[in-house]
Structures are given as structure tokens and as C-alpha cells.
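Convention: sequence-line order gives letters A, B, ...; per-chain numbering from 1.
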Amino acid sequence: MTSMTPTTSMTMVQALNAGLRRAMEGDPKVLLMGEDIGPLGGVFRVTDGLQKDFGEDRVIDSPLAESGIVGTAVGLAMRGYRPVLEIQFDGFVYPAFDQIVTMVAKHHYRSGGITPMPMVIRIPYGGGIGAVEHHSESPEAYFAHTPGLRVLTPADAAEAYVTIQQAIASDDPVIYFEPKRRYWDRAEVDEVSPISGNPWSSRVLRRGSDVTLVAYGPMVRTCLEAADAAAEDGVECSVIDLRSLSPLDLDPVVADVQGTGRCIVVHEAPVMLGMGAEVAAEVTRRCFFHLEAPVERVGGAYIPYPPNRFEQHYLPDVDRVLDAIDRVTAV
Amino acid sequence: MTSMTPTTSMTMVQALNAGLRRAMEGDPKVLLMGEDIGPLGGVFRVTDGLQKDFGEDRVIDSPLAESGIVGTAVGLAMRGYRPVLEIQFDGFVYPAFDQIVTMVAKHHYRSGGITPMPMVIRIPYGGGIGAVEHHSESPEAYFAHTPGLRVLTPADAAEAYVTIQQAIASDDPVIYFEPKRRYWDRAEVDEVSPISGNPWSSRVLRRGSDVTLVAYGPMVRTCLEAADAAAEDGVECSVIDLRSLSPLDLDPVVADVQGTGRCIVVHEAPVMLGMGAEVAAEVTRRCFFHLEAPVERVGGAYIPYPPNRFEQHYLPDVDRVLDAIDRVTAV
Amino acid sequence: MTEDVIRLLTPEGEFRAHPDYPIEVSPDLLRQLYRDIILTRRTDIESTALQRTGELGLWCPVLGQEGVQIGAAHAMRPSDYGFTTYRELGIFHVRGVDPVELLHLYRGTSHASWDPRRVGLGIFTIVIGSHALHSVGYAMGIQRDGADEAVLSCFGDGATSTGDVHEAMVFAAAFNAPVVFLVQNNQWAISVPVTRQTRAPLATRAAGYGIPSVRIDGNDVLAALGVTRVLLDRAREGGGPAFIEAVTYRRGPHTTSDDPTRYRDEAELDHWASLDPLDRLRRHMERVGALDPAFVAEVDAEADALGERLREAIRGMADPDPLGMFDHVYAEPHRQVTADRAAMADYLATVEGS
Amino acid sequence: MTEDVIRLLTPEGEFRAHPDYPIEVSPDLLRQLYRDIILTRRTDIESTALQRTGELGLWCPVLGQEGVQIGAAHAMRPSDYGFTTYRELGIFHVRGVDPVELLHLYRGTSHASWDPRRVGLGIFTIVIGSHALHSVGYAMGIQRDGADEAVLSCFGDGATSTGDVHEAMVFAAAFNAPVVFLVQNNQWAISVPVTRQTRAPLATRAAGYGIPSVRIDGNDVLAALGVTRVLLDRAREGGGPAFIEAVTYRRGPHTTSDDPTRYRDEAELDHWASLDPLDRLRRHMERVGALDPAFVAEVDAEADALGERLREAIRGMADPDPLGMFDHVYAEPHRQVTADRAAMADYLATVEGS
Ligand SMILES: Cc1ncc(C[n+]2csc(CCOP(=O)(O)OP(=O)(O)O)c2C)c(N)n1
Ligand SMILES: Cc1ncc(C[n+]2csc(CCOP(=O)(O)OP(=O)(O)O)c2C)c(N)n1
Ligand SMILES: [Mg+2]
Ligand SMILES: [Mg+2]
């Protein structure tokens with residue numbers, strides 16, 4: 001970031017759009033399919049202008065049927081295409097769950113390695129935008145619990161630009177969760193340098209000696225803000241963005257917790273069997289003699305996503321994270 | 001068990017059949033629906049003879065469509081019925097996932113408490129019977145991660161007889177996982193006493209001072225056998241059957257681990273984000289200063305259920321549990 | 001596109017009886033329908049305005065589809081039951097849903113739009129197509145109860161592509177369930193034209209299941225009433241399921257978040273505006289002298305009062321108690337919910353205390 | 001039930017040309033079809049026997065359905081692609097799947113039944129209906145490649161109830177994909193009769209999507225060949241999707257685990273045995289003098305050799321290396337799989353060491 005490479009300020013929506021465009025330019029086998037992704041450009045405009053430039057054969061407005069979208073994409077992938085699908089909202093991925101779990105996830109395995117299943121399923125996810133029911137869910141644990149899938153989620157626009165291209169380049173199927181409440185956040189995006197780096201790893205965004213904050217997607221910014229606030233109170237936090245939920249790279253977390261002795265995992269999804277459970281179980285196993293306090297989990301209650309006038313209370317925010325920091329440092 | 005109540009030796013299949021029969025006799029609103037549950041009596045014969053005795057209106061052979069089975073059951077429940085559904089095998093529940101997650105789980109909540117959703121979805125699950133693909137899966141974590149559902153799994157025939165009736169009597173939807181490899185195991189079933197006890201709690205089956213073994217469904221017997229074997233080596237294990245995965249009652253586990261200081265969770269599903277993750281995270285939080293070793297998880301690898309000639313290696317068995325006991329007692 | 005349809009009222013407002021769909025068109029009925037359209041349209045307009053001023057998070061305009069909705073809803077008996085989508089204000093209105101109750105949902109204070117027991121209408125789901133199955137299950141319950149009732153199951157053209165709508169037709173046929181499916185083919189599923197969902201008229205789908213179907217002019221409130229009533233009667237009498245395709249048009253945006261200029265022509269809009277269901281009814285009432293100025297004024301006043309009541313009820317409506325979000329997750333106590341609620345209560349107490 | 005169908009060969013073995021489905025019936029073709037049926041039937045019988053002796057975990061008998069399968073498979077060009085269910089041994093055979101390869105799956109050593117690149121046939125899935133969508137997607141790929149190919153997509157009567165088969169028809173129609181759907185209506189989905197899936201003939205489903213359909217006698221190998229060929233040609237030439245319902249019967253149990261006496265009558269079986277596709281072909285060949293004893297003996301010998309090869313290959317086949325189960329979960333390295341594999345290797349080493 002201190003180099004001379006020119007960068008552009010972009011929202012995450014623009015970064016995804018640019019990343020998709022570049023992937024389509026680079027490989028004629030890449031094609032997009034989903035509801036309303038053509039002339040409308042998707043309800044969030046992530047695919048804005050792409051049908052105009054790449055044609056209806058490569059940017060396909062589908063009938064209204066999620067299983068159909070994913071199932072036909074399986075056939076396209078068998079034929080050598082690299083479909084990139086849009087599920088309009090998190091709450092509408094379930095009609096496609098069978099195709100994802102029984103076909104997309106397993107096909108390379110069940111074919112004995114003969115038929116790869118390069119496919120990206122983009123899902124805007126999470127709450128915080130005052131939406132109606134089924135438009136604010138965080139179903140990532142279902143997918144990360146499913147062997148055969150990769151699960152990726154960018155925390156900011158720069159990440160989104162790079163990792164959407166890496167997801168498309170992968171020969172494995174990737175569930176790509178886009179934190180919709182961060183869609184309009186800006187970052188400096190480097191469109192010039194070749195895409196590099198390993199997306200299947202965690203990123204240390206900040207180092208602090210007292211507490212390790214672990215998050216992904218929408219909660220990364222929340223944790224960074226909480227770390228700023230904590231620092232004012234003299235508590236220094238590390239912030240680690242998991243980025244990839246499958247594979248799950250806990251090495252940087254373990255290394256950090258061996259220093260801090262305290263760890264907090266933050267996500268929007270229900271705590272019960274959420275990503276935090278896995279992080280807590282595994283970090284505890286690997287840092288058992290370093291932990292000063294049990295790994296703390298901050299996340300959604302065990303209730304369906306509530307009507308949006310409740311969401312400010314339902315969603316973890318800076319105060320909830322600070323509260324957890326108080327708890328772990330009090331032990 | 002020392003009382004004078006007469007009992008009958010039954011397989012789990014017979015116990016479930018008897019339990020269903022009794023529930024149907026007791027409440028005319030209870031009806032069964034599923035594929036091949038009529039004249040065939042289900043592929044495992046759990047519903048054997050029920051259509052003959054209760055008629056085609058109460059034991060309904062459905063078209064081949066799992067979303068249809070669950071979706072129409074939602075309507076039946078809205079009308080005041082108590083549908084008990086059979087999903088033929090674990091791997092075929094996914095076409096119904098949308099109805100289960102977006103409708104069954106949420107409807108009481110979204111109706112503001114006006115419309116209960118009493119429904120039982122029976123799913124034979126797990127491996128160990130040498131079956132073909134999609135017939136040996138353990139998808140319980142998907143459902144336990146979903147607020148609004150209850151998840152129950154019996155470990156033996158006596159439990160099955162009682163808890164299937166309790167599940168049917170519940171005004172909440174229950175995903176009822178039947179450990180198919182234990183279908184033909186026998187137990188003494190008490191068909192006379194009134195049904196009692198709280199199914200939404202864990203059961204302590206054995207007490208030992210050294211290690212706490214936690215399991216549910218098919219792995220309970222495995223853990224009991226492992227505890228026997230360990231005892232021969234002088235290691236005394238508690239064995240706790242979780243029974244209900246949602247709600248999850250860890251009180252007896254926590255109480256026991258505060259004594260043993262060592263805990264192992266065993267299940268067939270992949271370890272990553274499986275029930276063991278939640279148990280480990282929460283037991284560690286509540287027993288942090290009592291644990292002598294990190295909570296150990298024994299379960300499936302992060303791979304799809306393999307072809308059945310691999311399953312003896314894929315599935316946790318007594319030796320794998322003993323190996324884990326060695327590990328935790330070595331710390 | 002609207003030529004091969006059943007129509008009782010021509011665009012010019014002329015009534016043409018149809019032998020299969022007899023209907024007695026009294027002045028009272030006409031006035032009732034007129035009033036329903038006016039009030040529905042007023043709620044629609046007010047709700048859009050409330051969304052624009054930030055009082056509601058979202059609104060789904062119904063403009064153009066009131067004819068089929070109000071006609072079909074009047075075909076139902078009070079004891080019948082309905083399942084709808086979000087865009088069925090005309091049906092909500094006729095069944096007696098208070099729009100304030102409904103707007104709670106768009107305000108974000110509640111997922112539940114009304115008490116289904118009172119209005120005989122399941123609360124709707126936004127998950128497209130999924131309630132078609134609930135309709136069939138409910139109808140199977142009616143059958144088992146031996147009740148003299150039927151179900152009206154409404155969905156859009158987009159929904160017809162979903163697996164659930166198909167499975168609903170399969171089950172309805174298999175069990176001869178007393179359900180009438182009503183597709184409002186409003187030409188669009190957000191930005192996707194109906195030609196992407198099907199290349200045959202949607203009404204032709206039904207025959208493949210052995211279900212009879214009728215294609216009607218969806219901007220003709222009398223056709224909707226007449227045809228739906230005959231088919232609901234048939235279902236109640238054990239005749240089994242039926243299917244109606246109502247050819248109509250969504251003249252507003254998909255929702256207040258939508259920008260239809262990105263995907264459709266103004267000309268199309270003009271064409272359909274000329275087929276407006278209210279204008280058509282009005283023309284007919286004028287022809288038969290059922291539209292006296294006093295009545296018109298009375299309905300307008302009622303609409304004004306409704307608008308004012310809505311604005312007053314919604315504007316500045318208080319947010320709910322945070323702990324309310326833990327209510328009704330389960331019908332019976334659940335350990336995790338109880339614990340999470342207690343933790344939230346403690347946390348809120350700390351925050352307030354600090 | 002079989003009266004309104006396209007039939008080129010009467011049960012008595014008489015050939016009746018059909019103007020829409022021209023076919024040149026040479027003695028060579030007849031002998032090819034005969035041989036294919038005999039060999040398919042032999043593999044079917046041997047596999048059932050291997051299951052009975054515990055060498056296989058399961059087998060899905062095909063008896064009775066060989067006619068439609070072998071006819072349809074011969075209608076495909078080598079460059080075409082097929083998707084099938086588990087019960088399509090006739091198609092596997094014609095496409096060149098080695099039955100030993102196939103039996104790996106029923107032996108439990110592999111999920112993959114064959115190399116799809118070699119035989120132009122996707123490996124099948126047991127999840128009913130789901131591959132209908134893969135067929136359409138594959139066909140959309142053909143379209144985008146501008147290739148002169150088409151897809152044959154086979155499923156059962158039970159599958160037609162699934163949402164996925166419906167969505168497959170919707171997508172196929174929307175994109176005019178070069179795919180021919182072939183339903184083998186064998187009257188049963190395990191214990192559930194086809195009347196529970198539909199009350200109209202399945203072939204009538206297609207019209208509702210704007211897809212042409214044909215109902216054929218599924219025990220007539222020539223009808224299957226002639227009709228499928230015409231429709232695949234049409235698809236290849238840009239004519240779009242088509243739909244075939246082949247009326248046939250599963251004479252064996254659903255699988256070797258099934259007990260059909262619980263749900264069906266012997267009389268039904270006798271009726272369908274009298275319509276056996278092999279007998280019919282044999283009668284025709286006898287009529288036209290294409291079935292000389294030397295040829296019959298040669299095919300029988302070939303079948304015997306096949307049976308012996310199968311038994312030898314399967315009996316006592318070694319179990320795979322346990323660590324093999326970690327292969328191919330992903331195409332690229334994955335941390336969790338690598339770690340789990342290493343842990344298992346360590347564990348196995350300990351166990352062996354102890
Ligand atoms: C399963 C599902 N997928 C996607 C969506 C997003 N979505 C909301 S409305 C809509 C279009 C619905 O079209 P149609 O059924 O014709 O009803 P209309 O809005 O025209 O009344 C879509 C795609 C959804 N709500 N549910
Ligand atoms: C989604 C799904 N549900 C249930 C099953 C269990 N099952 C296996 S075969 C079968 C019947 C299939 O009938 P049909 O489609 O007619 O094919 P056939 O077996 O007659 O060839 C069923 C219900 C399954 N494999 N997949
Ligand atoms: Mg529409
Ligand atoms: Mg069949």
C-alpha cells in the first residue's frame with residue numbers, strides 16, 4: 001500500500017463488479033447466472049453493465065428457481081464452464097441446498113477426481129440494512145460444515161476485488177458470502193497488479209498484546225472499531241480476519257492467542273454451532289496452556305433473525321465486543 | 001427397571017412402530033406422511049401395519065417430493081393436524097431444507113406465537129450399514145444450528161418408544177434422528193407406564209471418575225462399550241447421552257467434567273462445526289478451571305461420507321474412542 | 001396477450017355474460033367492488049408515501065392488479081382460507097386485514113402481518129412459491145375434517161418456475177385437494193419478463209397434472225369473481241383442484257427499492273394503464289347508472305380518513321421492547337432461548353446502568 | 001395403459017412403420033439390439049446373484065426395461081451426452097460402461113461408476129430428479145459451444161414429482177436447450193404406483209412448458225430408437241427440448257432389498273411378462289429370418305463369458321486402502337482434509353504398530 005501502484009477508491013459493489021469483469025475478460029468459460037442480474041444489474045447492482053458488455057449467453061437472467069440455477073450450473077461446469085451464480089439474498093439459498101450439498105460439494109469426490117466443479121455461488125448475507133424477513137441471514141456455518149465446499153467472505157472492497165477473482169480461478173466450488181451491510185463501504189483497490197496471495201488463509205489486521213479478536217465478513221470492521229475503542233481504554237487487541245471459513249486457517253489465531261491468552265470470536269450468526277464454536281474448540285485445543293480465560297463467543301442469539309427494528313440489539317456491535325473484552329480481561 | 005412393570009423386548013424399529021401406534025391412538029390429529037410408508041411399511045418397516053389399521057387418510061403415501069411432504073405438512077399443521085413425516089434416508093432431507101429452515105423452524109415465531117407448528121420429521125441417519133451413497137449421512141448440526149427446531153435422537157429402543165411420543169406431543173417442530181445402525185438392537189420397552197420424563201435433557205448412563213464421554217444416537221452404544229473396555233484398563237469413564245441436540249442440555253456434562261477434568265465428545269458427523277464443537281466450546285467455558293486437558297473431539301473427517309468399504313475406518317469405533325481416552329489421560 | 005381470456009367486462013365497461021361463469025351483477029355488488037378498489041389503491045399510495053419519508057422500510061405496490069385480487073377475494077366464503085404473496089393488498093383488504101396491522105411488517109416491528117384465525121388468510125411469506133404447498137396441505141386438512149371449505153392459493157408468474165409450486169400441483173392432484181391456484185401473471189418477476197419463465201401460457205401447465213384451468217382477464221374484477229367462485233364451489237363439492245391464470249400487469253415498481261426504468265418500456269405501461277381495472281368498472285357503473293356522485297364522494301371521504309389513520313398510526317410508531325425478539329421462538333420453553341434472553345437482559349441493564 | 005402409445009413393433013413382433021419416426025430395420029441392427037438385450041440381462045442376473053452371495057451390497061434390477069433403454073441409447077451419437085438413474089443398465093451397456101467398473105459402486109469401493117469422458121455419460125446420482133437439471137445445464141453448455149450435440153436425460157416416473165425435474169423443464173424451455181427428456185414410466189416408484197404421482201399421462205406435462213412430447217411403448221426397442229433419434233436430431237438442429245414418456249414396467253424388485261409382494265399383484269407381473277421386450281424382438285427376428293441358431297449360440301457364449309468375468313472380478317475383490325477415502329475431496333489442497341488424513345495415517349500406524 002506504500003508502493004507507487006495507482007489505486008481506485010471503490011465501494012465493495014464496484015470492486016466486485018470490477019473483479020467479475022476482469023475474470024470474464026480473462027477466461028471465456030466464466031459466465032454469470034442468477035435472477036435479475038441482466039438489465040437490472042442485480043438488486044445490488046453488482047453485475048451492472050456486464051450483460052451489455054458480455055452478452056446474454058454469458059450473463060444469464062434465470063427463471064425464478066434457485067435449485068434450477070445451481071443445478072444447471074452443475075451441468076455447465078461438467079461441460080467445462082465456470083459458472084458464477086448470484087443468489088439474490090441469503091434467505092433464498094435454501095431451495096438450492098440440495099444441489100449444493102449433494103452435488104456441488106460432492107461431485108469431484110464422487111467422480112473419483114475426474115470431474116472438477118469450479119463454481120462460485122455469490123450470496124449477499126448478514127443483517128444491518130433494515131431489510132424484511134429472509135434478507136438478513138448468516139447461513140455460513142451450514143456450508144462450512146459441508147466437506148467439498150470452500151467458503152470465502154471478504155471484509156472490504158480491496159479484498160472483494162481480489163478474492164472474487166481467486167474464487168473464480170479455483171477448481172473447487174466456492175460459496176462466496178458478501179457482507180451486504182459493507183457493500184457501500186469504500187476502499188482503495190489496486191486494479192493493476194497481478195492478483196496474488198493465498199485467499200485460503202486468515203489475515204492479521206492489527207496486533208495487540210492483550211486480546212485476540214477473531215471475525216470475518218461484516219464483523220471485521222466492527223472489531224477494528226472495537227479495537228480502536230479498547231485501545232483508548234488501554235486494552236490492546238489483535239484483530240484477525242478469518243476470510244476463508246473453509247478451509248479454516250487458525251494458525252495466525254493460535255500464534256496470536258499464545259501471546260495474548262485471550263480470544264473473542266465475533267459473528268452475526270447464532271452462537272450455537274456457529275463458526276465461533278469451531279474456533280473456540282480448536283483454539284482451546286491448540287492453546288490450552290496459554291489461555292487465561294475461556295474463548296468468548298459474541299454472536300446472534302438462538303432465535304430467527306428478528307424483525308429489523310430489533311436488529312440493532314440482535315447484531316453484535318462495538319459495545320457488545322467491548323463488553324466481551326471486559327469479560328475476558330476480568331478473568 | 002427394578003419395578004414390577006412388565007416390559008417387552010423390542011428392536012428400535014418395533015419400539016418406534018409401537019410408539020407411533022400409541023400416539024395415533026391417543027390423538028386423532030396425528031397423521032403420518034412419507035414415501036413408501038403405506039403398504040410397504042417404510043423401507044425399514046417402522047410404519048408396518050399402520051396404514052392397514054388407521055387408513056389411508058392418516059397414513060399417507062406421498063408423491064416422491066420431499067419439499068412437498070414437508071410443505072404440505074406445514075399446511076396440515078396450520079389446520080390443526082400433527083403430521084409425523086418420514087424422510088426415507090438422511091441424504092434425502094435436503095430437498096426439504098428450505099421448507100424446514102424457512103417455514104417449519106420460523107413459523108411460530110413469525111406468526112407472533114399464534115400458529116404453532118407441531119410436526120415431527122423422522123430421519124433415519126448415520127452410517128455403519130454398508131449402504132450406498134446418500135444413505136449414511138449425519139446432518140444433525142444443520143438442524144441444531146437452526147433456531148426454531150428441536151432435535152432429538154434416541155440411543156436405544158426404550159428411549160425411542162418414549163421420545164417419539166414426546167416429540168409428537170410437543171407443540172414445536174422436532175427433527176427426530178433415528179440411528180439406523182441401531183434399528184435392530186433390542187431393549188426392554190415398558191408399554192404400560194404413562195409416558196414421563198423430560199426428553200429435552202441429557203442422560204447420564206454411567207459414572208466414572210476419570211473421563212467424561214459425551215455422545216448421542218448411534219455413538220452412545222459405542223461409548224458404553226469403550227467405557228467397558230477402558231474400565232478393564234483401569235480408566236473409569238462417565239457416559240452421557242445428549243439425547244436432545246436442541247435444546248442442548250450440558251448441565252450434566254458440566255457437572256461431570258467438574259469431577260473428571262477430562263471430556264471427549266463422539267459423533268459420526270464431521271468434526272468441523274459438528275455438535276462436538278459446541279459441546280467443546282461451551283463445556284470449556286463452563287469448566288475452564290476444572291479441565292486437565294482440552295476437550296477432545298472424535299468424529300468424522302472433513303470428507304463426504306465415503307464409499308462403504310471405507311466406513312469402518314471413517315466411523316468412530318471403540319478403538320478410536322480408547323485412543324482419545326489415552327490422549328486426554330496422557331495430559 | 002389478453003385475447004384468449006375469459007372476460008365478463010370489456011375494457012369499455014360493457015358486461016357480457018358467460019354461460020360457465022354466471023354472476024348476478026347488482027348495483028350493490030358494483031359499489032362494493034368500487035369501494036374496495038378505491039380503498040386498496042389509497043392504502044397502496046399512502047404506504048408508498050410512508051416509505052418515501054422513511055417511516056416504512058419497504059413497500060410492494062399493487063397498482064394494476066386490484067381487479068383480480070378483489071374479485072377473487074369476494075369469491076371466497078368467510079370460512080374459506082387463503083394463502084397469498086406480499087403483493088395482494090386487494091385480498092388483504094377484502095378479508096378484513098387492517099392495513100395498520102399489515103404495515104407493522106414493513107415498519108420492521110413484526111414479521112406477522114395479521115391474525116390468520118380472524119381473517120382466514122395465512123400470513124404471507126416472502127420466499128417465493130413456498131406457500132403453494134402450505135395451501136395444499138391446508139386443503140388436505142379440510143378434506144380430512146370433512147369441512148365445506150376450500151383454499152385459494154395465490155402466487156405470481158415468477159413463482160410458477162419454482163419446484164414448490166410444481167410439487168403443490170402434484171400433491172393437489174394426487175389427493176384431489178380442495179384448492180384453487182390463482183396465478184397473477186403480471187408480466188414481470190422483478191426485472192425478468194414472464195417469457196423467461198415459460199413459453200406456453202401458464203394456464204396450460206395445469207392440464208399436465210390433470211387439473212382444469214382457466215385463463216382470465218386479470219383487469220376484469222367481475223371475471224375474477226365469477227370464475228374463482230365457480231372453481232371454489234367445485235372444490236368445496238369434492239371436484240378437486242383448479243388453476244386460474246389472471247393476465248394482468250404490475251404498473252408500479254417491484255418494490256419501492258426497484259428501478260423499473262432499467263428493464264421496461266414506458267409504452268408497455270401506457271398500454272396497461274389504458275386497461276386499468278378501476279376505470280373499467282367505473283365505465284360499467286356509469287353505463288348502468290350505479291355511480292352516483294354522493295356515493296363517489298362518500299368513498300373518497302372514507303379513503304381520506306383511511307389515509308389519515310394510516311399516517312397517524314405509522315408515523316413515529318415506537319420501536320418495540322428489545323427483549324420482545326425472544327418471544328415465541330418456541331411454543332414451549334427452550335433452554336438456549338431462555339439463556340440468551342437472560343444474557344441480553346443483563347447486558348441491556350448494564351448498558352442502561354452505565 | 002399402453003394403447004395410446006407410439007409403437008413400431010407389435011407384441012407379436014410385427015413391424016409397422018410410422019411416418020414421423022422413420023427407421024431402417026436392417027438384420028445387423030436387429031442383431032445388435034438382440035445382443036445388447038441379452039448381455040444387459042446377463043449382467044442384471046449376475047449382479048443380483050452377486051448381491052445374494054454378499055459380494056455386492058445392493059443391486060437395482062432392470063428386467064423389463066431393457067427395450068426402451070437400449071433403443072434410446074442407440075439413438076445417441078457417440079458425441080452426445082447422457083444422464084441417467086441407477087436403473088439404466090441398458091444405457092450403460094450400449095455406451096460402453098464396463099459392468100465391472102459399474103459394480104465397484106455396488107461393491108462399496110467407489111462412488112464413481114465410470115469415466116464420463118470416455119462413455120459420454122454423467123455418473124449417476126441416487127438423489128432422485130436432481131440430474132435432470134445437470135442435463136439442461138450441460139445442454140446449455142453445448143449451445144454456448146455451438147456444438148452439434150444433444151443430451152439425453154433419463155429419469156423415472158417417481159422423479160417427475162420432484163421440483164428439480166420441473167425446474168429442469170422450465171430452464172430447458174427458457175433457453176431452448178438441446179435436451180431430450182426420457183421418462184421411463186415403469187409404473188412404480190418403489191411401492192408407490194404412478195397414479196400417486198400423476199392423474200394425467202406424464203407425457204402431457206410437457207405441453208405446459210411449450211415442449212413437445214411423445215408417448216411410446218417402452219417395451220418396443222425400435223420405437224425407443226426411432227422416436228429418440230428424431231428428437232435428438234431435432235435438438236441438435238436447434239429445435240429445442242423434447243419429452244418422451246416410455247410406458248414400461250419394472251418386473252423385478254425395486255432393489256435387492258425390496259419386497260414387492262407387499263405392494264403389488266402377481267397378475268400385473270404376468271401381464272407385463274407377456275410384453276417382454278426381448279420376446280418381442282425375437283419374434284420379429286424370427287419373422288424376418290434374422291435370428292439364426294449360430295448367432296444365438298454366439299451371443300449366449302458371449303453372455304456366459306461376461307458372467308464369468310464379472311464373478312471373477314468381483315468375488316473377493318480387495319478392500320481399498322483406507323487413506324484413499326481422503327483423495328479428491330477437493331481439486332486443490334485443503335487444510336482440514338490434509339490434517340484429517342495425516343491424523344488418520346498416524347492412527348492407523350499406531351493400530352498396526354500395537
Ligand atoms: C425463493 C426466492 N427467490 C428469490 C426471491 C427474490 N424475489 C422477490 S420477489 C421476486 C419476483 C417474484 O415474481 P412473481 O412471482 O412474478 O411475483 P410479483 O412480484 O410479480 O408479484 C424475486 C425474485 C424470493 N423472494 N424468494
Ligand atoms: C430425493 C430422493 N428421495 C427419495 C429417494 C429414495 N428412493 C430411491 S428410488 C425411489 C423411487 C424412484 O422411483 P422412479 O423415479 O419411478 O424410478 P425407478 O426406481 O422406478 O426406476 C425412491 C423414493 C431418493 N433416492 N432420492
Ligand atoms: Mg410477476
Ligand atoms: Mg418408476
Exactly one candidate in D/Asn186, D/Asn219, D/Thr248 meets side-chain hydrogen bond (donor to acceptor under 3.5 Å, both in side chains) with D/Gln65; the answer is D/Asn186
Applying a strict 4.5 Å limit to non-hydrogen atoms, the region of C/Thr198 in contact with chain D is side chain
Quick one: which residues of residues 120-155 of chain C reach chain D at under 4.5 angstrom, heavy atoms only? none
For C/Phe175, is it the side chain, the backbone, both or neither that has a heavy atom under 4.5 Å from a heavy atom of chain D? side chain
Side chain D/Arg234, main chain D/Gly240, donor-acceptor under 3.5 Å: yes
State the NE2-CZ distance between C/His254 and C/Arg87, to the nearest 0.5 angstrom. 5.5 Å
Distance from C/Asp259 atom CG to C/Ile190 atom CD1, nearest 0.5 Å? 12.5 Å
Answer yes or no: is there a donor N or O on one side and an acceptor on the other, between the side chain of D/Thr204 and the main chain of D/Ala200, under 3.5 Å? no
With distance as the sole test, does D/Asp265 use its side chain to make a donor-acceptor pair with the main-chain N or O of D/Glu268 at under 3.5 Å? no
Heavy-atom pairs under 4.5 Å with chain C, option from D/Ile211, D/Leu202, D/Thr162 with the top count: D/Thr162
With chain C, the option among D/Ser213, D/Ala203, D/Ala173, D/Ala206 that has the most non-hydrogen atom pairs under 4.5 Å is D/Ala173
Backbone of D/Ala72 reached by a side-chain donor or acceptor of D/Arg229 within 3.5 Å: no
Any donor and acceptor pair, going by atom type alone, linking the side chain of D/Glu167 with main-chain N or O of C/Gly163 inside 3.5 Å? yes
